[in-house]
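Quick one: the structure is below, questions incoming.
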Amino acid sequence: MSDDVKVLNSVVSLDYERPPTRAARRYTEAVGEKRLIAHRCPECERLYTPPKGYCPVCVVLTTDEHEIEVSPEGVLVSYTVTNPDKLHQQGGKTSARGDVMLDGTRITLMGELDGVEAADVHTGMRMRAVWVELEDGRLPSSGGWGAVGIKGWEPTGEPDASREEVQELLKKAGES
Amino acid sequence: MRDVAIVAFAQSPLVRRQTDFDEPQMIMPVVREAYEQSGLDRSQIDFVCSGSADYLAGQPFAFIRGLDAVGAWPPLSESHVEMDGAWALYEAWMMLQIGHADTALVYGFGKASAGNMREVLTVELDPYYLAPTGIDCISTAGLQARALLDNSDYTERDMAEVAARSRRSAMSNDHAQVKKDVTAEEILAEPYWVDPLRPSDCPPITDGAAAVVLVAGDRARDLCERPAWIRGIDNRIETHYFGTRDLSKSPSTEVAGKTVGSGDGIEVAEISSTFSHQELILKDALGLQDSTEINPSGGPLAANPLMAVGLIRIGEAFNQIKNNGKQRVLAHATSGHCLQQNLVCVLEGD
Amino acid sequence: MSDTPVPIDTVEMPYVRTLGPVISRFFTGLRDGEIWANKTRTGKVQCPPFEYDPYTGESASDDWVQLDGTGTVSSWAWVEEPLRNHLLQEPFAWCLIRLDGADTDLVHAVRVADKGQMATGMRVEARWRDERIGHLRDIECFEPA
Amino acid sequence: MPGLLREAATRALADAELEWSDIDAVVFGKAPDLFEGVMRPELFLNDAMGGAGKPMFRMHTAGSVGAHTAIFGAHLIESGQYECVLSIAFEKQSETDTSRILGGGSRGGAGVAFASSIRQYIEKSGAPPHIGPLVAVKDRLNALKNPHAQLKIPGIDIKMVEESEMVVEPLRKLECCPTSDGAGAIIFTSEKRIPKTERPPAWLHGSSTRSEASGHPSRSWVNPLAGQQCAAEAYAQAGITNPLEELDCAEIYVPFSWFEPMWLENLGFAEEGQGWKMVDDDITAFDGAFPVNASGGVLSANAIGAAGLIRCAEAAMQVRGTAGEHQVPDVRRAMGHAFGGASQYFAIWIVGSEKP
């Protein structure tokens with residue numbers, strides 16, 4: 001019985017073409033110029049980056065006319081230290097990932113933390129975007145939970161935001 | 001049974017490839033139009049249900065992005081079926097039946113253009129006995145068409161008549177994708193694609209979305225001049241492996257149809273005959289008379305946005321009551337290869 | 001920027017599917033050049049076999065019968081241009097084949113020299129591969145008997 | 001896959017002393033199809049679920065899908081259209097690397113996304129670091145009493161958890177759910193068709209689902225509004241005003257240890273910022289005043305699509321008195337809970353031993 005056929009090996013391989021939307025194309029172009037653009041909802045004024053081309057709260061489409069530039073710097077409001085080996089990730093070293101709330105917005109973007117030892121990471125740090133390099137005018141495929149077009153975040157070296165300021169930012173972000 | 005009516009229906013342009021919009025952008029105007037038609041504000045919708053399928057885009061959790069399109073903030077009482085939106089409508093209808101909601105929004109969407117549908121839909125088959133053979137949706141339909149030709153008096157000309165009539169009917173449907181003043185002779189002159197199917201016996205690949213608003217009780221009359229009352233809705237499924245069933249018949253459609261009274265005084269039927277021969281099978285299973293007008297919209301042969309196409313049949317049937325003064329109409333949705341699963345619903349005017 | 005080519009994204013995942021006792025026995029048979037069918041509790045002979053009666057959900061019986069690989073075509077569809085995953089990479093017919101002794105049809109490919117040879121009711125027999133691994137493709141295809 | 005489903009379904013049929021032919025309709029749930037590499041697998045699994053000739057539905061609401069599957073099955077009965085419904089959910093994650101699908105590529109898994117909200121919770125509530133390990137120990141000890149639990153670690157204690165490797169800060173390996181294969185099945189009947197067995201039925205007292213859009217800046221991952229509203233509606237249906245007093249135990253979807261205190265607050269069992277104290281005071285322990293996850297919970301087995309249904313079923317087993325070794329004494333009302341997506345999909349039911 002031991003040589004019975006117990007399993008079927010199969011590979012599901014499918015090709016997909018997912019053309020980027022206009023908003024996504026413009027965002028990519030901006031990333032190439034190390035600029036961060038967002039759409040501002042004309043009804044509730046919430047900001048979205050990358051621009052979605054709509055506001056999911058107000059159910060309205062947004063277009064080029066709602067595009068604005070936002071600062072690629074902000075405050076680290078949360079972080080985690082990951083051991084990539086344990087999550088089937090690429091690379092092998094311990095690394096830190098964090099949520100940065102962009103200045104003047106309620107947007108937090110997640111990304112790898114660069115230029116700082118994992119042990120030294122703390123909330124309140126001021127961070128700026130580390131941009132990805134475009135490949136043939138396109139963003140390298142990333143996927144996952146990270147921010148699109150931004151490889152990660154590095155400290156600006158400016159003084160930290162206080163714990164109170166961080167809590168205030170988080171509170172503001174949670175308001176409807 | 002609680003009286004539940006459709007009061008609004010909206011659909012996107014049904015096109016070969018929607019390049020301007022991603023899924024939420026494609027759904028959003030449709031949902032807005034449905035809200036506007038119904039006269040209901042988002043905050044007045046008690047329940048939302050959607051239908052979509054992850055494998056159309058090849059990404060898990062497609063419906064989470066769909067949720068972006070309906071205004072899920074503040075939170076909604078909401079559900080999702082990995083099926084055509086017609087089944088989402090069934091779930092919403094059930095919520096209204098049990099009184100947990102008085103109004104509901106239902107939507108379905110799909111961008112079939114993202115993948116190669118002949119290969120993608122193979123993944124919908126038994127992963128041990130069918131998918132490993134690579135058999136595709138045109139070939140499985142071909143096996144079914146042959147079974148029908150062998151086991152009935154229908155001919156390839158009958159199939160071509162269906163295909164031609166669908167494309168001609170679509171000429172008066174603003175949303176349809178394939179519209180053509182074509183004759184059965186012209187179709188019979190086409191070379192086979194997968195014999196006995198010719199290209200015109202098969203549906204186009206379509207991107208699209210649709211939305212429907214359901215309302216319970218007299219309120220439906222306040223919101224819509226001529227609401228369409230859901231008099232019966234049922235769905236049935238058959239065995240999966242083709243070799244275990246008679247492909248020339250659709251007993252699941254027959255049972256669902258009998259449950260809802262499909263054989264009785266239907267003026268118009270909007271049915272999900274994805275392939276020309278399937279209209280012949282479905283017409284017999286539903287017991288439709290020759291006087292019943294079938295697919296005046298053109299049906300799936302004129303536009304086939306997967307996961308929305310069945311909901312669109314229900315919406316088109318509603319339009320027959322609302323706009324064309326019809327009194328008793330039928331809608332049908334299907335799921336899987338070779339009509340494996342079928343949903344039938346009968347709508348009536350006041 | 002509107003003419004940026006659309007990137008192709010290949011979604012590819014390997015799956016190692018455990019088979020369970022019934023499919024395992026069927027595939028083991030194929031590897032050994034044998035075709036086995038099982039019976040439902042009502043005595044219906046199913047090929048391919050299932051753990052259950054597809055019509056009722058009841059568990060199948062433990063009765064197995066060996067079939068000899070000949071059968072009759074119940075339906076067919078001719079493919080002039082095979083897709084990359086199809087069983088055969090030349091013009092062929094997908095078929096429902098009622099193997100002799102079975103009460104259900106098997107989905108497989110039939111190879112003939114010319115489409116004109118295809119007909120419902122034609123007799124076919126299995127053509128085995130020399131190297132078999134326990135897969136439906138151990139039967140390369142069916143050919144006119 | 002068919003065998004896995006049938007194992008659950010045939011046990012449910014045996015528990016109810018019913019036959020396949022008694023089932024009028026089937027509701028099937030599972031998480032993303034890419035996990036098993038079959039598009040809408042219910043189409044082929046239908047025959048193994050005895051669905052032929054019957055109505056059949058496929059739910060998919062991310063991690064909460066199992067609970068949705070249970071709730072929709074109950075709705076079918078409530079409508080009076082059906083007398084006997086099978087709700088069944090499964091996941092078979094072992095056939096491929098599902099973390100590749102969940103992570104959406106190379107840049108991280110679900111744990112990374114959730115770890116961030118856990119840190120926010122800790123910083124905001126001032127919870128001491130041992131709370132997470134405490135939950136992990138409690139659920140793992142409970143799992144020892146549950147024959148269906150996957151992870152059994154005899155002798156587990158705080159030290160063992162705290163010494164396990166750090167996977168995603170602040171989560172250590174023993175604070176994370178495993179990857180599982182599994183299936184669960186629940187049978188619903190109308191009142192007049194309740195099987196005459198020695199095992200009493202559980203009655204549905206309330207159910208609710210809530211979802212919120214993920215992609216906008218106003219939402220909280222720590223205390224999501226959808227979860228709060230979902231609980232509020234379920235309580236209202238069940239006539240509950242003080243859930244901690246009026247419920248006797250709960251099965252809550254806790255894939256990472258810290259979700260227990262977070263969800264205790266989200267579901268109204270504790271004031272905001274106070275949930276960790278319930279854990280610290282052993283109130284949610286097996287012999288505490290309000291046992292949470294007596295089955296061992298998701299931390300001990302997480303067959304994603306099935307996990308929510310199993311939470312609902314475990315709550316039902318508690319009120320039926322059929323939970324065996326992990327039976328909490330004298331349970332009259334219990335909650336089953338699940339969540340999914342980016343903490344944005346919620347489904348809850350409340351079951352009782354008495355007809356409502």
Can you tell me how far CG of A:L61 sits from CE of B:M26, rounded to the nearest 0.5 angstrom?
12.5 Å
Please list, in residue-number order, every residue in residues 66-79 of chain A that has a heavy atom less than 4.5 Å from any heavy atom of chain B; write 'none' if there are none.
none
So how far is it from A:C58 SG to B:M28 CE, rounded to the nearest 0.5 Å?
9.5 Å
So do the side chains of A:P19 and B:R17 get within less than 4.5 Å of each other, counting heavy atoms only?
yes
Between CG of B:L56 and CG of A:L14, what distance do you get to the nearest 0.5 Å?
11.0 Å
Taking NZ, NE, NH1 and NH2 as the nitrogens, is one of them in A:K52 or B:D68 under 4.0 Å from a carboxylate oxygen of the other?
yes
Check whether any side-chain N or O of A:R18 sits under 3.5 Å from a backbone N or O of B:A114 as a donor-acceptor pair, and report yes or no.
no
Which donor-acceptor pairs under 3.5 Å do the side chains of residues 104-112 of chain B make with protein atoms, sequence neighbours left out?
{"unit_1": "B:Y107", "atom_1": "OH", "unit_2": "B:G66", "atom_2": "O", "d": "3.2"}
{"unit_1": "B:K111", "atom_1": "NZ", "unit_2": "B:Q18", "atom_2": "O", "d": "3.0"}
{"unit_1": "B:K111", "atom_1": "NZ", "unit_2": "B:F21", "atom_2": "O", "d": "2.5"}

Within residues 124-133 of chain B, contacts to chain A at heavy-atom distances under 4.5 Å involve B:P127, B:Y128, B:P132
Is it true that atom CD of A:E117 has more than 12 heavy atoms of other residues, nucleotides or ligands lying nearer than 6.0 Å?
no
Taking side chain as C-beta onward, heavy atoms only, is A:R22 less than 4.5 Å from B:D20?
no
So which residue, B:P29, B:A57, B:S113, B:P74, ends up with the most heavy-atom pairs under 4.5 Å with chain A?
B:A57
Checking B:V123 against chain A: side chain, backbone, both or neither under 4.5 Å from a heavy atom?
side chain
Is B:Y55 close to chain A through its backbone or its side chain, or both, or neither, when contacts mean heavy atoms under 4.5 Å?
both
With sequence neighbours excluded, residues passing side chain to side chain contact (heavy atoms under 4.5 Å, CB included) with B:D41:
B:S43, B:Q44
Less than 4.5 Å apart, any side-chain heavy atom of B:R32 and any of A:V60?
yes
Check whether any side-chain heavy atom of A:Y16 sits under 4.5 Å from a side-chain heavy atom of B:N116, and report yes or no.
no
